[in-house]
Amino acid sequence: QVQFVESGGGLVQPGGSLRLSCAASGSIFSISATGWYRQAPGKQRELVAAINWSGGNTYYSGSVKGRFTISRDNAKNTVYLQMNSLKPEDTAVYYCGRKRPGSRWSNQQPTSYDNWGQGTQVTVSS
C-alpha cells in the first residue's frame, strides 16, 4: 500500500514562495497519478494540482494556475508543489494522494484520489 508524507509547509508573507514535498512509499508510485488538494476552514475542499505518472500531463485549478507548479521525481518517489506569489487565500492544509486505480484523468475531484497523507499547514500572512 502506498503511503504519503507531506512536508514543506510553514508561515510565509504574501508574495512569497514555498515548495511542498510529497514523499511516497510503495511499488506503484511510478505508474500512478498524484494530486494535491487543500482544505481551509469555511471553504470547500479543492483539488489544486495533479500530475500523471510520466509528468506529461498536469492539472491546475483556476485559482492557482500560473502561480503553482507540480512536478515529480519518480526515482525519489517524490512529488513537489512549487508555490509562488502566495496569497492569504492560499492558507490551508495541503494534502497529497494517489489517483484511484481506474479513475479517469478527466476526473479531477478530490474524491478521485486516495491514500492521503497527514497534510502540511501553509499559512500566508503579513
Side-chain angles (χ1 to χ4, degrees):
Q1 181 180 0
V2 64
Q3 297 178 343
F4 297 95
V5 178
E6 301 93 337
S7 63
L11 176 63
V12 65
Q13 294 182 351
S17 298
L18 287 172
R19 191 190 194 195
L20 306 184
S21 297
C22 173
S25 62
S27 61
I28 63 172
F29 176 80
S30 295
I31 59 173
S32 299
T34 307
W36 287 93
Y37 87 92
R38 63 188 181 187
Q39 179 71 65
K43 296 183 179 179
Q44 292 185 334
R45 183 175 54 180
E46 180 183 20
L47 195 292
V48 299
I51 188 168
N52 73 339
W53 71 271
S54 69
N57 291 318
T58 57
Y59 163 85
Y60 300 97
S61 69
S63 61
V64 308
K65 188 175 296 184
R67 300 188 297 119
F68 292 8
T69 303
I70 189 170
S71 62
R72 70 189 303 158
D73 186 339
N74 289 337
K76 298 180 179 180
N77 286 343
T78 302
V79 173
Y80 305 97
L81 186 66
Q82 179 66 46
M83 309 165 67
N84 297 327
S85 301
L86 284 164
K87 305 175 181 180
E89 306 92 271
D90 296 317
T91 296
V93 179
Y94 285 71
Y95 302 85
C96 66
R98 179 197 66 177
K99 203 164 197 336
R100 296 182 183 273
S103 177
R104 295 180 177 180
W105 178 251
S106 59
N107 182 358
Q108 293 297 350
Q109 298 297 315
T111 53
S112 71
Y113 294 80
D114 62 10
N115 290 108
W116 300 105
Q118 83 289 346
T120 185
Q121 175 71 49
V122 173
T123 302
V124 184
S125 177
S126 59

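For this chain, numbers begin at 1 and follow the sequence in order. What you see below is based on every heavy atom in this structure, not just the backbone, and it leaves out hydrogens, waters and symmetry mates.
With a 4.5 Å cut-off on side-chain heavy atoms, Lys99 and Ser112 count as touching. Looking only at side-chain heavy atoms (C-beta outward), Asp114 and Arg98 come within less than 4.5 Å of each other. Contact check for Gln109 versus Leu47: no side-chain heavy atoms found under the 4.5 Å cut-off.
Tyr60 and Thr69 get closest at one heavy-atom pair: OH-CA, 3.4 Å. Contact between Tyr113 and Ala50 at its shortest, heavy atoms only, is OH-CB, 3.0 Å. Nearest heavy atom pair, residue Leu20 against residue Trp36, reads CB-CH2, 3.6 Å. Taking all atoms of both residues into account, the shortest heavy-atom contact from Val48 to Tyr94 is CG2-CE2, 4.4 Å. Minimum heavy-atom separation, Phe4 to Cys22: CD2-SG, 3.2 Å.
A distance-only check finds a donor-acceptor pair linking the side chain of Asn74 to the backbone of Trp53 [under 3.5 Å]. Side chain of Gln39 to main chain of Lys43: a donor-acceptor pair is present (N/O by atom type, distance under 3.5 Å, no hydrogens or angles). A distance-only check finds a donor-acceptor pair linking the side chain of Arg72 to the backbone of Asn52 [under 3.5 Å]. With hydrogens and angles ignored, the 3.5 Å screen pairs no side-chain donor or acceptor of Glu6 with any backbone N or O of Thr120.
Val12 and Val64 fall within the same hydrophobic cluster, defined by Ile, Leu, Val, Met, Phe, Trp and Tyr side-chain heavy atoms under 4.5 Å apart, directly or through other members.
In this structure, Thr91 OG1 and Gln121 CD are separated by 7.5 Å, a value rounded to the nearest 0.5 Å. Taken from CD in Gln118 to OG in Ser7, the straight-line distance is 8.5 Å, to the nearest 0.5 Å. Between atom SG of residue Cys96 and atom CD1 of residue Ile51 there is a gap of 12.5 Å, rounded to the nearest 0.5 Å. A distance of 10.5 Å separates CG of Leu86 from OG1 of Thr123, quoted to the nearest 0.5 Å. The line from OG of Ser32 to CZ of Arg100 is 12.5 Å long, rounded to the nearest 0.5 Å.
Every residue meeting the salt bridge (Lys or Arg N to Asp or Glu O under 4.0 Å) condition with Arg67, not counting sequence neighbours, appears here in chain and number order: Asp90.
Aromatic rings of Trp105 and Tyr59 (six-membered ring for Trp) have centroids beyond the 6.0 Å cut-off, not under it.
Cation-pi geometry between Arg19 and Tyr80 is satisfied (NZ or CZ under 6.0 Å from the ring centre, within 45° of the ring normal).
For the residue pair Ser63/Glu89, the side-chain donor-acceptor check at 3.5 Å is not satisfied.
Within a 6.0 Å sphere centred on CD of Gln44, other residues, nucleotides and ligands contribute 12 heavy atoms or fewer.
Using bins of under 30°, 30° to 60° and over 60° for the plane-to-plane angle, the ring pair Tyr95/Tyr37 lands in the parallel bin.
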